[in-house]
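Here's the structure we're looking at; comments come further down.
All values reported here derive from a predicted model rather than from experimental measurement. Order of listing sets the numbers, starting from 1, for every ligand and every atom in it.
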Amino acid sequence: MERAYLKVTRRGPVGWIQLDRPRVLNALNRSLIRELVQTLEEMGQDDDVRVAVITGGERVFAAGADIGEMAASTSVDMLIADPFDDWNRIRRFPKPLIASVSGFALGGGCELALACDLIVASETARLGQPEIQLGVIPGAGGTQRLTRALGKVRAMEMVLTGEPITAQEAHAAGLVNRVVPVENLEAETMKLAESLADKAPIALRLGKEAVRRAAEHGLDEALDYEQKLFFFLFGTEDQKEGMRAFGEKRKPRFQGK
Ligand code: CO8
């Protein structure tokens, strides 16, 4: 398969997917997400792939959804395009999925990492949901998964202030599994992936499913709610102003309409 935005390699039983759109800090446009879904679905079908890894660059895992692509959208555009249909397919990947995160994981980038089963972070990783600065809210699970992982007050702080947390803070809060020096990130991620690849594939699959069931009970309805709120915000002036201001590299002037 031709891939414009991903580098995909096989490392023994590990499928290694690198987000590769460096000019815009791996901003997740719809085509990138579509390629990611297709790649995961191929790996899901391939018995030789036991574990998959999603990673980015050293300075940026992903700086979120593509703001340029969304900026002019209306609520109805978002509702009809339903970008979350693809995001939901990522959740259905049946094998262990590891996020290997260095640098910024912001907005949809943070949400993509949270949608994985395990997260290995470098000491330089910064996880955050800066959508509030654009006049919107997280739309790909951030409000729901952060609250489940961190509890209400810490999730509230991240979503309302938009300030990122460090890898160490994320680790202390139970949001990431391991924090490693940046130069060891790839090796440590491979070590974890290979240790899983040795395990019984069906037990892994069902173990994943069972934990997901516990952690995600009620998540479908909650995600649906978050998505509808996200779409709604594209009917506000503040969303237009927030995303325009990002493109124009200036501070937004929000007016509450
Ligand atoms: N979308 C599009 N372009 C981006 C994005 C993005 N998310 N992030 C960075 N870029 C572009 C910049 O516009 C810039 O392009 P150019 O060189 O043409 O001006 C280039 O990448 C480099 O960026 P900066 O100059 O800003 O780099 P800095 O090193 O100064 O700053 C930051 C790095 C702090 C990461 C900064 O780029 C930033 O704040 N980025 C935006 C982060 C953000 O707000 N993310 C949230 C986006 S909204 C979202 O993710 C909602 C998810 C819901 C699911 C969506 C389904 C559709």
Side-chain angles (χ1 to χ4, degrees), residues 4-5 19-37 54 56-91 99 101-116 124-146 155 158-167 222-236 238-252 254:
Y5 302 118
L19 309 174
D20 185 34
R21 209 184 163 212
R23 202 187 56 73
V24 284
L25 314 187
N26 292 339
L28 306 167
N29 63 2
R30 296 205 183 129
S31 306
L32 185 156
I33 292 293
R34 175 58 54 86
E35 286 183 10
L36 179 61
V37 166
I54 301 177
E58 186 174 313
R59 195 173 99 75
V60 186
F61 176 72
D66 190 317
I67 297 168
E69 192 176 68
M70 289 184 294
S73 300
T74 65
S75 303
V76 175
D77 295 337
M78 295 301 276
L79 187 79
I80 302 295
D82 192 10
F84 300 113
D85 190 45
D86 278 334
W87 285 79
N88 287 336
R89 286 162 68 185
I90 298 172
R91 291 172 67 208
V101 178
S102 179
F104 293 115
L106 300 179
C110 181
E111 293 170 302
L112 178 60
L114 295 177
C116 296
T124 63
R126 296 288 176 274
L127 286 81
Q129 300 288 163
E131 287 88 344
I132 198 80
Q133 283 148 17
L134 300 169
V136 295
I137 62 172
T143 65
Q144 303 305 311
R145 289 202 179 85
L146 284 175
M158 286 183 74
V159 172
L160 300 189
T161 69
E163 290 300 324
I165 59 172
T166 63
L223 287 178
D224 194 53
Y225 189 61
E226 182 195 64
Q227 291 165 10
K228 293 295 180 323
L229 296 178
F230 184 74
F231 294 158
F232 171 85
L233 286 161
F234 285 76
T236 66
D238 284 347
Q239 172 271 328
K240 297 282 169 297
E241 165 62 9
M243 295 197 177
R244 208 183 302 123
F246 179 79
E248 295 169 3
K249 302 188 189 293
R250 61 173 172 81
K251 199 169 177 303
F254 293 128

Report task. Measure the CG-NZ distance between Leu233 and Lys240 for me, rounded to the nearest 0.5 Å. Result -> 10.0 Å
Query raised in the report: Using heavy atoms and a threshold below 4.0 Å, how should the contact between Met70 and ligand 1 be classified: side chain, backbone, both, or neither?
Result: side chain
Requested in this report: Give the residue, atom name and distance (to 0.1 Å) of the protein heavy atom nearest atom 26 (O) of ligand 1.
Outcome: Phe246 CZ, 4.5 Å
Query - Distance from atom 56 (C) of ligand 1 to nearest protein heavy atom, with residue and atom - result: Phe84 CE2, 3.7 Å
Query raised in the report: Who gets closest to atom 51 (C) of ligand 1 by heavy atom: Gln133, Arg126, Glu131, Met243?
Result: Glu131
Requested in this report: Give a yes/no verdict on whether any heavy atom in Gln129 is under 4.0 Å from an atom of ligand 1.
Outcome: no
Query raised in the report: Arg59 to ligand 1: N or O pair under 3.5 Å?
Result: yes
Report task. For Asp20 and Tyr5, indicate whether the former's side chain and the latter's backbone hold a donor-acceptor pair under 3.5 Å. Result -> no
**Report entry** Which residue and heavy atom of the protein sit nearest atom 35 (C) of ligand 1, plus the separation
**Finding:** Leu106 CD1, 3.7 Å
Requested in this report: Return yes or no for this condition: an N or O of Gly139 is under 3.5 Å from an N or O of ligand 1.
Outcome: no
Query raised in the report: With no hydrogens and no angle check, is any side-chain donor or acceptor of Ser75 less than 3.5 Å from a backbone partner on Gly235?
Result: yes
Query - Interatomic distance, Gln227 atom CD to Leu223 atom CG [nearest 0.5 angstrom] - result: 6.0 Å
Query raised in the report: What's the verdict on side-chain contact (heavy atoms from CB on, under 4.5 Å) for Trp87 and Ile33, showing C-alpha distance, side-chain angles and the deciding distance?
Result: CA-CA 7 Å; Trp87 285 79; Ile33 292 293; 3.7 Å; yes
Requested in this report: Answer yes or no: is there a donor N or O on one side and an acceptor on the other, between the side chain of Arg21 and the main chain of Ala27, under 3.5 Å?
Outcome: yes
Query raised in the report: Okay, side chain of Asn26, backbone of Phe61: is any donor-acceptor separation there less than 3.5 Å?
Result: yes
Query raised in the report: Which protein heavy atom lies closest to atom 20 (C) of ligand 1, and at what distance to 0.1 Å?
Result: Arg23 O, 3.6 Å
Query raised in the report: Based purely on interatomic distance, does Pro83 place a nitrogen or oxygen under 3.5 Å from a nitrogen or oxygen of ligand 1?
Result: no
Query raised in the report: Can you find an N or O of Leu134 that's nearer than 3.5 Å to an N or O of ligand 1?
Result: no
Query raised in the report: Mind checking whether Lys249 has an N or O less than 3.5 Å away from an N or O of ligand 1?
Result: yes
Show me, pair by pair, the donor-acceptor contacts under 3.5 angstrom made by side chains of residues 125-143, not counting sequence neighbours?
{"unit_1": "Gln129", "atom_1": "NE2", "unit_2": "Glu131", "atom_2": "OE1", "d": "3.2"}
{"unit_1": "Gln129", "atom_1": "NE2", "unit_2": "Glu131", "atom_2": "OE2", "d": "3.2"}
{"unit_1": "Thr143", "atom_1": "OG1", "unit_2": "Glu226", "atom_2": "OE2", "d": "2.7"}

Requested in this report: Tell me, please: is Pro138 in heavy-atom contact with ligand 1, that is, under 4.0 Å?
Outcome: no
Query raised in the report: With atoms numbered from 1 as shown, which atoms in ligand 1 lie under 4.0 angstrom from a non-hydrogen atom of Gly108?
Result: 49 (C), 50 (O), 52 (C)
Requested in this report: Output, in order, the C-alpha distance, side-chain angles, deciding distance and verdict of salt bridge (Lys or Arg N to Asp or Glu O under 4.0 Å) for Arg89 and Asp85.
Outcome: CA-CA 7 Å; Arg89 286 162 68 185; Asp85 190 45; 5.0 Å; no
**Report entry** Phe232 atom CZ, neighbour heavy-atom count above 12 within 6.0 Å
**Finding:** no
Report task. Look only at interatomic distance and state if Ala65 has a nitrogen or oxygen under 3.5 Å from any nitrogen or oxygen of ligand 1. Result -> yes
Report task. Starting from atom 45 (N) of ligand 1, find the nearest protein heavy-atom neighbour and note its residue, name and distance. Result -> Ala63 O, 3.0 Å
Report task. Give the numbers and elements of all ligand 1 atoms closer than 4.0 Å to a heavy atom of Gly107. Result -> 46 (C), 50 (O)
Report task. Name the option, out of Ile67, Leu25, Val24, that contains the heavy atom nearest to atom 27 (O) of ligand 1. Result -> Leu25
Requested in this report: Using the six-membered ring wherever Trp is involved, compare the ring planes of Phe234 and Phe230 and label them parallel, tilted or perpendicular (cut-offs 30° and 60°).
Outcome: perpendicular
Query raised in the report: Would a 4.0 Å cut-off, counted as strictly less than, catch a protein heavy atom around atom 30 (O) of ligand 1?
Result: no
Query raised in the report: With a 4.0 Å cut-off, strictly under, does atom 17 (O) of ligand 1 pick up any protein heavy atom?
Result: no
Report summary line: Logged contact type for Arg30 with ligand 1, heavy-atom cut-off 4.0 Å, is neither
Query raised in the report: Yes or no on side-chain contact (heavy atoms from CB on, under 4.5 Å) for Leu146 and Glu111, after CA distance, side-chain angles and deciding distance?
Result: CA-CA 9 Å; Leu146 284 175; Glu111 293 170 302; over 6 Å; no
Query raised in the report: For atom 52 (C) of ligand 1, which protein heavy atom lies nearest, and how many Å away is it?
Result: Glu111 OE1, 3.5 Å
Query raised in the report: Around atom CZ of Arg30, are there more than 12 heavy atoms of other residues, nucleotides or ligands at under 6.0 Å?
Result: yes
Query raised in the report: In ligand 1, which numbered atoms sit nearer than 4.0 Å to a non-hydrogen atom of Ala27?
Result: 1 (N), 2 (C), 6 (C)
Query raised in the report: Who's the nearest protein heavy-atom neighbour of atom 34 (C) of ligand 1, and how far?
Result: Phe104 CZ, 4.1 Å
Report task. Measure the spacing between CD of Glu241 and OG1 of Thr236 and express it to the nearest 0.5 Å. Result -> 10.5 Å
